[in-house]
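The figures that follow rest on heavy atoms only: side chains count, while hydrogens, waters and symmetry mates do not. The structure presented is a predicted model; accordingly, all values stated were derived computationally and were not measured.
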Amino acid sequence: MTMCAECDRVNEKLGIDIDLFFRNLEKASPRANTLDPLDRQIICASLLGKERNKIAQLMSRNPLYIRDRLSEHLYPKIAKLMSIDGGEGSKNWIVILNWLLDPCGKYRLHPPAQLNADNFQSSFGGQVFLYPHARQIGNAQISAAKNYQSGLFYQAQRCFLEAWKSGSPEILIYINNCAIERNRNRLIQGKIPVRTIAVVVPINHDRGQIATETLQGVAQIQLQINAQIGELGLAEYYPNIPPLFDTLLHRKIALKILIVNDINNLYDGYDRTAENMTRLASELNLIAIIGHYSSEATQRAVPVYAQAGIVLVNSSSTSTQLSSLETNEKLCFFRIPPIDTINAAKLVNFLADPAAFPHLPALKKTAIIYAKNSIYSNSYRQAIEDKLKSKSLDFQRLSPFGYLTEEDIRSSKYIDRINSEGVDIVIIIIDARIDPNFLANTGLLSRLNFDRCILAGSATLYKQNFSHSILVPRDSANADRQPQIISCLPWHWDSRANGCNSESPTAQGFCTLASRLWDANQVTWRSATAFDSVLLIYQMLQQFPHIDDSRSLLEQMDRHLKREHHQFEGITGQIVFEANGDRRHPTAEIVKLEWHQSQRRWRWNCISPA
């Protein structure tokens, strides 16, 4: 039985089996001291959101005692039980609380029926995946999720609005979902249909950055759609949200989003995300699915969705293997980004242009680093090699190297070989994080001789924090040394064709609202392709009012977009599809990592010719 009032409150207020947690903490470290009553009070008070000084005051102890007891005794136990490395995660009570409240875990008391089971996690708002550093915001998220689970959608929305201070797109999606749920009767009276789209994103990869970038595009277009529906009342919180297009929103349709966690791990043999999605599709009235992130996960999911007659719109997978699906699978598959052969051609053409790097000697020798276990990485590597051969370029090529890890001595030797043999161009094709061991430490690349070689890569090389591992701040570098690091992307903020300063009103409108909702520096190609993925589905719902389920959507999309080749303008340019689901004539952009003195940081700049 619990021994303190705080422990009882954890049971009652948070719905956590704290006794079970205490027992497992003691089992996790049997040789360490057991938990005494003070330890239990510290843990419970921390879970309830109390600061360290407040805990010390309640327990009549010095704050230093509380600090030492946590760091020397409790945090190590918690880290071991959570099977994490003891870093900041085990010292962040928001992380610990989310772990305890995980419906797939064993510490929830009387867990409600959830969209989470069988190694599967999804949420309309009853669970928050991306946690903030600020405790106050984290507590608001937890309260909001509990209210949503209880069907208290007004209270949930108010708490999510408080949590929106973090600027999280996940929270904005849940605010929209709450507005729909609490105004169901008004929508029914106004004969306004609700359509549900699932978005499958890798929550746990790159500290949630990939998921955040994708959800920015989804949340932004969801807000633009729902803010025009007066019955939802979103204009009270988000005034002056412009409609998507003057000609598009002639019919009110409320858009609800289900966020699904994409496991996206090569070594996870029990990933049944697609199967669970099809199981829930009818119950949730899913109209379509956007995902998955990696080509590997997408390739596995397509046959499952095809069998169930569910449309899959992909915003990030580019492997050429997805261009040769079975006939039944092609019918349900549409993808927004250009395939690897197009990206590779753009990259090689740029590298072969003597004007691209006038200060460097003629480029003659290349090396390719790729992830040999990745379908995507192999596809891109093959596309690069085929393009080099077709250009009849006088390039010498080192044998491609397929497994770059910090621990593997072969990795170190290959980097040394690149430097000693005078390689001019190193092309690196990072996988979509399906193999956690590949390039776990990008610092390996810092050993390249950037004075004389170019580092070029696919879209997976493009990260806001990539420069932190391999480049020093500009003030510390030689004034004449400007590393040559380039990448090929489906879209960039400064694109002359489809960026914020382009002549495209669609792209201009996207960038204007994105600047208002997000940090513009964090809006990437994933945001744009995700936006266009939702836009594609919504265009169809607007043009064909009879569409009311996934199968009628699939039939109409196949006829209208693939067989009749109708097109529309998206953020990433004109969108028209081939019969296999690939885009016809998609755009691609070359970007370069450059130091911005005024902003004191490295930044990816678009350098594609007009």
Side-chain angles (χ1 to χ4, degrees), residues 1-11 13-109 121 127-139 141-142 203-208 265 267-268 406-407 436-437 440-441 443:
M1 296 294 292
T2 53
M3 301 293 294
C4 64
E6 286 82 2
C7 299
D8 290 335
R9 290 185 63 203
V10 168
N11 279 338
K13 185 176 180 180
L14 300 179
I16 292 174
D17 189 344
I18 196 64
D19 290 313
L20 177 61
F21 181 53
F22 289 154
R23 290 197 300 272
N24 288 339
L25 274 181
E26 292 180 335
K27 291 178 183 178
S29 305
R31 296 183 181 179
N33 295 329
T34 58
L35 297 174
D36 61 29
L38 289 179
D39 293 331
R40 296 168 184 251
Q41 290 182 49
I42 292 172
I43 290 173
C44 290
S46 299
L47 288 173
L48 290 167
K50 291 183 171 60
E51 301 288 347
R52 188 183 302 160
N53 288 340
K54 182 65 175 178
I55 297 173
Q57 182 181 353
L58 291 172
M59 299 176 62
S60 301
R61 295 277 180 166
N62 189 303
L64 294 179
Y65 170 84
I66 305 298
R67 181 201 66 185
D68 294 342
R69 195 65 182 167
L70 283 167
S71 61
E72 297 174 7
H73 184 54
L74 297 179
Y75 285 148
K77 281 180 174 290
I78 294 171
K80 187 169 183 179
L81 181 61
M82 294 174 66
S83 300
I84 57 180
D85 61 7
E88 291 302 314
S90 65
K91 301 176 184 179
N92 185 326
W93 286 100
I94 299 299
V95 177
I96 298 169
L97 189 54
N98 278 336
W99 180 75
L100 290 170
L101 289 172
D102 185 350
C104 295
K106 52 190 173 183
Y107 298 104
R108 291 285 299 274
L109 290 171
Q121 292 179 306
Q127 180 181 2
V128 179
F129 296 114
L130 301 171
Y131 51 85
H133 295 294
R135 176 176 294 217
Q136 182 179 2
I137 293 175
N139 288 338
Q141 290 185 174
I142 293 167
I203 298 291
N204 300 321
H205 289 267
D206 288 329
R207 299 181 179 180
N265 191 318
Y267 301 116
D268 195 315
E406 185 178 16
E407 296 79 9
N437 297 317
N441 179 12

Can you sort out the partners of D36 under salt bridge (Lys or Arg N to Asp or Glu O under 4.0 Å), two or more places apart, ordered by chain and number?
-> R69
So do the side chains of K77 and L35 get within less than 4.5 Å of each other, counting heavy atoms only?
-> yes
Could you pull out the closest heavy-atom pair between N62 and A56, with the gap in Å?
-> C-CB, 4.0 Å
Grab the two heavy atoms, one from S71 and one from P76, that are nearest each other, plus how far apart they are.
-> O-CD, 3.4 Å
side-chain contact (heavy atoms from CB on, under 4.5 Å) with L70: which of I43, I42, I78, I55?
-> I42
Contact check, side chains of I142 and V128, non-hydrogen atoms, under 4.5 Å | no
So, does R52 use its side chain to make a donor-acceptor pair with the main chain of L64 at under 3.5 Å?
-> no
State, yes or no, whether a side-chain contact exists between L81 and F21 at a heavy-atom distance under 4.5 Å.
-> yes
Any side-chain heavy atom of L38 within less than 4.5 Å of one from R61?
-> yes
Looking only at heavy atoms, what is the nearest atom pair of Y107 and N24, with distance?
-> OH-ND2, 2.8 Å
Straight-line distance of K50 NZ to Q41 CD, nearest 0.5 Å | 11.0 Å
Nearest heavy-atom contact between R135 and S46 is NH1-O, 3.9 Å
Over all atoms of both residues, closest heavy-atom pair of I18 and C7 = CG2-O, 3.9 Å
Tightest non-hydrogen contact, residues Q141 and Y131, listed as NE2-CA, 4.1 Å
